[in-house]
Visitor: 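Below are the structure tokens for one structure; questions will follow.
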Amino acid sequence: MDAKSASIADTLIAPLLLDWYDRHRRDLPWRARPGETPDPYRVWLSEVMLQQTTVATVRPRFAAWIARWPDFESLAAAPDDEVMAAWAGLGYYARARNLLRAAKAVVADHGGTFPRTEAELRTLPGLGAYTAAAVAAIAFGERAVVVDANVERVGARLFAIATPLPAGRAAIRVAADAVTPERRAGDFAQALMDLGSAICTPKKPRCLLCPLQAHCAGFATGAPEAFPVKAAKKARPKRYGTIFWLERERARGPEVLLVRRPDKGLLGGMRALPTGPWVDEAPLLEGAPALASWRLLAGTVEHGFTHFTLELALAVATGPAQGEPPGEWWPVDALATAGLPTLFARAAAAIAEGR
DNA sequence: GAAGCGTGGAC
DNA sequence: TGTCCAAGCTT
């Protein structure tokens with residue numbers, strides 16, 4: 001296909017997709033309805049929450065967050081530990097740290113008003129190529145080329161791009177740029193995402209319902225699900241660790257020792273149960289937070305991270321311990337309010353069960 | 001470009 | 001049951 005005929009075909013894509021979007025768009029809490037003006041704060045918050053996270057997970061968390069911190073000013077003034085606890089369970093906790101940093105920057109450096117251009121947005125922490133383009137297009141109507149996993153999949157199929165990801169992203173971006181319209185770029189981006197979610201799915205795409213089927217090179221091959229081609233994944237190694245549950249009795253009831261994890265690295269900045277080192281072979285009681293009579297529970301807790309699986313032994317002790325260990329004592333019956341990442345919430349439940 | 005960084009749902 | 005995958009960003 002030469003450049004000229006390609007561009008003519010490309011101009012058909014946006015009208016077809018926007019027409020489909022006007023009839024099938026999802027009604028989502030962070031999405032402005034036709035005629036409404038988008039709220040940049042809500043657009044930004046939703047885009048960050050949705051990074052690598054499903055719509056079903058984000059829905060209730062978005063509502064709770066908006067009820068608590070409805071705008072940049074309120075979020076910028078929020079205490080660090082409250083923000084981190086509010087993000088607990090959502091994963092990728094650098095997002096919460098960057099969310100707070102960006103809100104402070106908007107208030108301090110931009111007079112409380114979100115920057116309007118993709119280039120300016122890109123300078124804020126946590127706004128990468130995708131999110132800056134998405135906010136510019138959806139909240140401010142700028143013509144920005146929005147490329148996420150949906151767009152990669154739709155684009156790779158539409159143009160039958162066979163170069164494996166991640167190298168294939170360059171060609172996909174060129175193709176996405178070619179089909180992005182001057183007007184309604186935000187709707188176009190959201191249309192691609194809705195199409196990727198409902199029609200052009202990773203497995204068993206519903207091509208018979210697709211408004212772009214007649215123009216889809218991937219469909220023409222007879223095996224559209226073969227796109228995008230991806231590089232082989234590496235095996236996920238297994239690691240082992242121990243969680244330490246140190247308890248003491250107080251008049252109001254039992255309390256457990258919690259620590260705050262370092263700001264950088266896995267589960268950074270989050271409240272947590274103390275752990276020993278995470279190593280390649282099963283450890284026992286190395287790295288305990290205090291000298292005490294540790295008792296190892298039967299059974300372990302297994303938790304999958306992106307790049308390794310963790311198997312955790314559970315060690316329990318009841319005070320008094322020698323000396324005052326670093327951390328904070330938390331009422332056991334109020335542990336749900338501590339904002340523990342899922343790994344530790346599950347471990348706590350297993351410990352409550354097993355002792 | 002590769003690695004590090006969470007979690008839950010679908011199949 | 002294990003594997004794949006999701007509206008990615010930072011270093």
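Naming convention: chains lettered A, B, ... in sequence-line order (proteins, then strands); numbering from 1 in each chain. Any value given below was found using the heavy atoms of this structure, including those in side chains, with hydrogens, waters and symmetry copies removed.
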Visitor: Ignoring hydrogens and angles, does a donor from either the side chain of A/T306 or the base of B/dG6 sit under 3.5 Å from an acceptor on the other?
Guide: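 Pair found.
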Visitor: Is the ring pair A/W69/A/W65 parallel, tilted or perpendicular, if the boundaries are 30 and 60 degrees?
Guide: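 The arrangement is perpendicular - the two ring planes meet at more than 60°.
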Visitor: Within the 3.5 Å criterion, strictly below it, is a donor on A/T53 or A/R95 matched to an acceptor on the partner's side chain?
Guide: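 Yes, A/R95 and A/T53 have a side-chain donor paired with an acceptor closer than 3.5 Å.
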Visitor: Among C/dA6, C/dC4, C/dA7, find the nucleotide with the atom closest to the side chain of A/T54.
Guide: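 Given the options C/dA6, C/dC4, C/dA7, the side chain of A/T54 is closest to C/dA6.
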Visitor: Please find out if less than 6.0 Å separates the ring center of A/F305 from that of A/H303.
Guide: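 Yes: the rings meet the under 6.0 Å criterion.
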Visitor: Is the base of B/dG8 touched by the side chain of A/T342 through a donor-acceptor pair closer than 3.5 angstrom?
Guide: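 Checked by distance alone, the answer is no.
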Visitor: Please pick, from C/dA7, B/dG1, B/dT7, the nucleotide with the shortest atom-to-atom distance to any side-chain atom of A/A167.
Guide: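 Of all the options, the side chain of A/A167 is nearest to B/dG1.
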Visitor: Given B/dT7, B/dC5, C/dG8, identify the nucleotide with an atom nearest to the side chain of A/Y93.
Guide: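 Closest nucleotide to the A/Y93 side chain: B/dT7.
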Visitor: Can you measure A/L310 atom CG to B/dT7 atom P for me and round it to whole angstrom units?
Guide: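 Value for this atom pair: 11 Å.
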Visitor: Do you know the tightest heavy-atom contact between A/R97 and A/G268?
Guide: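 For A/R97 and A/G268, the tightest heavy-atom pair comes out as NH1-O, 2.8 Å.
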Visitor: Within the structure shown, what part of the strands sits under 4.0 Å from A/A189 by heavy-atom distance: base, sugar-phosphate, or nothing?
Guide: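 It contacts nothing in the nucleic acid.
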Visitor: Within this structure, what is the NZ-to-C1' distance between A/K264 and B/dC5, rounded to whole angstrom?
Guide: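 Value for this atom pair: 14 Å.
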Visitor: Using a 4.0 Å heavy-atom cut-off across all strands, classify A/G89 as base, sugar-phosphate, or nothing.
Guide: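 Sugar-phosphate contact only - A/G89 comes under 4.0 Å of backbone atoms but never of a base.
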Visitor: Name the nucleic acid region contacted by A/L90, choosing base, sugar-phosphate or nothing; use a 4.0 angstrom heavy-atom cut-off, strictly under.
Guide: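 Since a base atom lies under 4.0 Å of A/L90, the category is base.
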Visitor: Among C/dA7, C/dC9, B/dC5, find the nucleotide with the atom closest to the side chain of A/Q51.
Guide: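 Given the options C/dA7, C/dC9, B/dC5, the side chain of A/Q51 is closest to C/dC9.
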Visitor: Atom NZ of A/K203 to atom C1' of C/dC4: distance rounded to whole Å?
Guide: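 Rounded to the whole Å, the gap is 5 Å.
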Visitor: Using only modelled atom types and a 3.5 angstrom limit, is any donor from either the side chain of A/R26 or the base of C/dA7 paired with an acceptor on the other?
Guide: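 Answer yes: a donor N or O sits under 3.5 Å from an acceptor.
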Visitor: Is the A/F62 ring parallel, tilted or perpendicular to the A/W30 ring (thresholds 30°, 60°)?
Guide: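 Plane angle over 60°, so perpendicular.
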Visitor: What is the nucleic acid contact for A/W44, judged by heavy atoms within less than 4.0 Å: base, sugar-phosphate only, or nothing?
Guide: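 Since no nucleic acid heavy atom lies under 4.0 Å of A/W44, the category is nothing.
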Visitor: Of the options B/dC5, C/dG8, B/dT7, whose atoms approach the side-chain atoms of A/L343 most closely?
Guide: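 Of the candidates, B/dT7 comes closest.
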Visitor: What distance, rounded to whole Å, do you find between the two C1' atoms, one in B/dA3 and one in C/dA7?
Guide: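 22 Å, rounded to whole Å.
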Visitor: Expressed in angstrom and rounded to an integer, what is the separation of A/E118 atom CD from C/dC9 atom P?
Guide: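 That distance rounds to 11 Å.
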Visitor: In whole Å, what is the span from the NZ atom of A/K234 to the C1' atom of C/dC5?
Guide: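 Rounding to the nearest Å, NZ of A/K234 and C1' of C/dC5 are 19 Å apart.
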Visitor: Can you tell me if CZ on A/R23 sees more than 12 non-hydrogen neighbours from other groups inside 6.0 Å?
Guide: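 It does: A/R23 CZ has more than 12 such atoms within range.
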Visitor: A/L28 has an atom CG; how far is it from atom P of C/dA7, in whole Å?
Guide: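 Roughly 13 Å, once rounded to whole Å.
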Visitor: Between A/R236 and A/R122, just flag the one whose closest nucleotide in DNA chain C comes earlier from the 5' side.
Guide: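 Of the two residues, A/R236 wins.
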Visitor: For A/F308 and for A/A56, find the nucleotide of DNA chain B with the closest heavy atom, then tell me which residue's nucleotide is more 5'.
Guide: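 Nearest nucleotide further toward 5': that of A/F308.
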Visitor: Report the nucleotide, chosen from C/dA6, C/dT10, B/dA2, that has the shortest atom-to-atom distance to any side-chain atom of A/N98.
Guide: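 Nearest to the side-chain atoms of A/N98, counting from C-beta on, is C/dT10.
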Visitor: Mind checking A/R153 for me? I need base, sugar-phosphate or nothing, with any heavy atom below 4.0 Å counting as a touch.
Guide: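 Sugar-phosphate: the residue A/R153, judged by heavy atoms under 4.0 Å, touches backbone atoms but no base.
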Visitor: Using heavy atoms to find the nearest nucleotide of DNA chain C for A/R31 and A/G126 separately, return the residue whose nucleotide is more 5′.
Guide: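 First, find each residue's nearest nucleotide; the 5'-ward one identifies A/R31.
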Visitor: In whole Å, what is the span from the CZ atom of A/F344 to the P atom of B/dT7?
Guide: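 Those two atoms, CZ and P, are 9 Å apart.
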Visitor: Which nucleotide, B/dG8, B/dA3, B/dA2, lies nearest any side-chain atom of A/T57?
Guide: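 Looking only at side-chain atoms, A/T57 lies closest to B/dG8.
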Visitor: Provide, to the nearest angstrom, the distance between the CD atom belonging to A/E47 and the C1' atom belonging to C/dA6.
Guide: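 One finds 13 Å between C1' of C/dA6 and CD of A/E47, rounded.
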